[in-house]
Amino acid sequence: MAEIPLAQPDISEQEIAGVAEVLRSTRLSQGPRLHEFEAALAERCACPGAVALSSGTAALDLCLQALDIGPGDEVITPSFTFVATVNAIVRRGATPVFVDICHDTMNLDCSDLARCVSDQTRAVIVVHLFGRPVAMDPVLEFCRAHNLHLIEDACEALGASSNGRPVGSIGDCGVFGFYPNKLITTGEGGAIVSRNLELLALCRALRNQGRTADGFLADRLGHNYRLAEPACALGVGQLARLDEFLARRSKAAARYHRLLEGLPGVSLPPRDCAHGRIAWFFYVLTLDAPQPRRDRLIAQMAGKGIELGDYFPPVHLLDFYRQRYPVLPGSLPVTENMAGRTIALPFFPAITAQQQVTVADELARILAGRG
Ligand SMILES: Cc1ncc(COP(=O)(O)O)c(C=O)c1O
């Protein structure tokens with residue numbers, strides 16, 4: 001294992017005790033912890049309800065299904081995201097249409113949406129990448145003008161806000177992920193939030209094989225996307241510490257800024273966000289040099305016990321997508337320019353100042369050819 005890992009969960013003794021208490025009870029699924037976790041999430045996101053699920057992927061699946069998106073429909077989303085965002089569109093039998101990103105924020109470029117829209121477009125999925133909130137007002141305006149659903153993939157951004165509103169609460173629905181590297185974790189897990197009570201009720205039924213209080217949904221295919229009680233208990237404890245995690249992550253980001261400022265050959269992520277609060281999920285640099293140098297750097301740093309991430313290979317360049325959903329050459333210039341040049345540094349709430357100094361020193365040494 002790397003001496004300085006890329007990510008690391010932070011679980012307190014109190015959270016362990018909370019999980020143990022559930023394990024000693026007889027209620028391991030669909031019990032009080034689920035309701036408690038959902039109520040806390042809803043409150044945090046200023047929504048009337050939340051639906052806790054087995055993963056962020058399950059959350060994306062259910063949002064698309066609940067909005068009745070399927071074969072023949074097109075969904076606009078960035079290629080510069082984790083592949084799960086786009087896989088969910090394809091699993092519905094719909095077609096992903098890739099929008100380009102902005103160079104500095106690495107988030108969707110709203111001015112490129114008009115190029116992507118057609119008579120088949122039904123929805124846009126924005127991704128608040130690396131915890132950086134998308135400026136939602138122009139996206140909302142675009143979706144209203146074209147009568148499109150708006151889904152927020154906020155898997156990496158719990159606690160971020162855009163123009164004063166929590167991410168996830170702004171579009172038709174928002175999704176979160178609770179994998180161990182995320183801003184809070186339940187081991188595996190995810191959730192949907194929405195201001196639309198009907199949509200939430202539908203997602204809640206679809207999570208449980210299509211069951212409602214009155215029976216089964218006759219016209220929908222349900223799933224088992226439930227989140228077990230021990231995971232929900234962990235989620236309750238983690239969510240109570242979200243602000244503490246966010247503060248520690250912000251501090252770690254500021255420290256990387258100070259340590260890396262002026263380092264030749266790399267661009268740092270923007271420190272601030274004019275329209276909202278960043279929930280620092282990853283600290284991602286861009287190298288001036290192309291992919292082979294980046295990959296060599298990752299291997300060299302691994303040799304020093306430091307784990308880096310190659311986040312994210314653009315989805316449209318993965319073989320599955322390249323073959324089935326080819327994009328017009330030159331249509332995603334910024335995404336393709338960034339491809340293979342981004343590096344995520346070790347980043348988690350408990351990272352120490354000394355660990356960050358070690359990362360920065362090794363990075364500088366290797367980039368200067370002294371590795
Ligand atoms: C942007 C984004 N979308 C979706 C997901 C999928 O979440 P999960 O791994 O919980 O299925 C992730 C998780 O890594 C993600 O980062």
Side-chain angles (χ1 to χ4, degrees), residues 5-9 37 41 50-65 75-92 96 98-99 101 105-108 123-134 136 139 150-160 162 167-168 170-171 173-193 203 206-207 223-228 231-232 234-235 238-239 249 269 278-284 309-316 318 321 335 338 342 344 347-348:
L6 183 58
Q8 189 175 277
F37 185 39
L41 267 175
V51 183
L53 297 161
S54 51
S55 67
T57 298
L60 284 163
D61 281 348
L62 288 197
C63 284
L64 289 167
Q65 187 181 0
V75 178
I76 301 173
T77 201
S79 166
F80 197 74
T81 180
F82 183 48
V83 68
T85 316
V86 191
N87 285 347
I89 299 169
V90 172
R91 264 196 305 280
R92 289 298 304 157
F98 297 112
V99 62
I101 52 170
T105 64
M106 301 186 199
N107 272 334
L108 155 156
V124 174
I125 306 182
V126 300
V127 184
H128 303 287
L129 204 70
F130 306 139
R132 185 173 292 279
V134 171
M136 291 298 285
V139 185
L150 178 54
I151 299 170
E152 293 176 73
D153 182 340
C155 280
E156 302 185 354
L158 182 66
S162 184
V167 299
I170 303 164
C173 46
V175 307
F176 297 106
F178 307 130
Y179 186 74
N181 67 357
K182 292 294 187 294
L183 293 153
I184 66 165
T185 187
T186 57
E188 296 282 357
I192 296 172
V193 296
C203 290
L206 293 172
R207 161 179 75 182
H223 314 264
N224 173 1
Y225 285 165
R226 298 184 301 260
L227 188 65
C232 292
L234 179 55
Q238 288 267 296
L239 193 54
R249 285 174 174 276
I278 303 171
W280 283 95
F281 170 59
F282 274 133
Y283 190 91
V284 178
D310 63 350
Y311 303 145
F312 280 114
V315 174
H316 77 284
L318 303 177
Y321 284 94
T335 303
M338 300 291 256
T342 49
F347 197 73
F348 43 91

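Numbering of ligands and ligand atoms starts at 1, following listing order.
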*Without hydrogens or angle criteria, can the side chains of E152 and H128 be said to hold a donor-acceptor pair below 3.5 Å?*
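Side-chain D/A pair, E152 to H128: present.
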*asked:* Are the side chains of Y321 and N87 in contact, using a 4.5 Å heavy-atom criterion?
replied: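 In contact.
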*Backbone N or O of G189 within a donor-acceptor pair of the S55 side chain at under 3.5 Å?*
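Flag not set: sc S55 to bb G189 has no pair under 3.5 Å.
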*Mark yes or no for whether T185, through its side chain, and K182, through its backbone, hold a donor-acceptor pair below 3.5 Å.*
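Side chain of T185 to backbone of K182: no pair is present.
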Taking a 3.5 Å cut-off between nitrogen or oxygen atoms, can you list every pair linking ligand 1 to the protein, with distances?
unit_1, atom_1, unit_2, atom_2, d
ligand 1, 3 (N), D153, OD1, 3.3
ligand 1, 3 (N), D153, OD2, 2.7
ligand 1, 10 (O), G56, N, 2.8
ligand 1, 11 (O), G56, N, 3.4
ligand 1, 11 (O), T57, N, 2.9
ligand 1, 11 (O), T57, OG1, 2.5
ligand 1, 14 (O), K182, NZ, 2.6
ligand 1, 16 (O), E156, OE2, 2.6

*Pick one: which of Y311, F312, W280 meets ring pair (Phe, Tyr, Trp, His ring centres under 6.0 Å) with F130?*
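Testing each of Y311, F312, W280 against F130, the sole residue satisfying ring pair (Phe, Tyr, Trp, His ring centres under 6.0 Å) is F312.
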*Over 60° means perpendicular and under 30° means parallel, so classify the ring planes of H316 and F98, tilted if in between.*
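Tilted.
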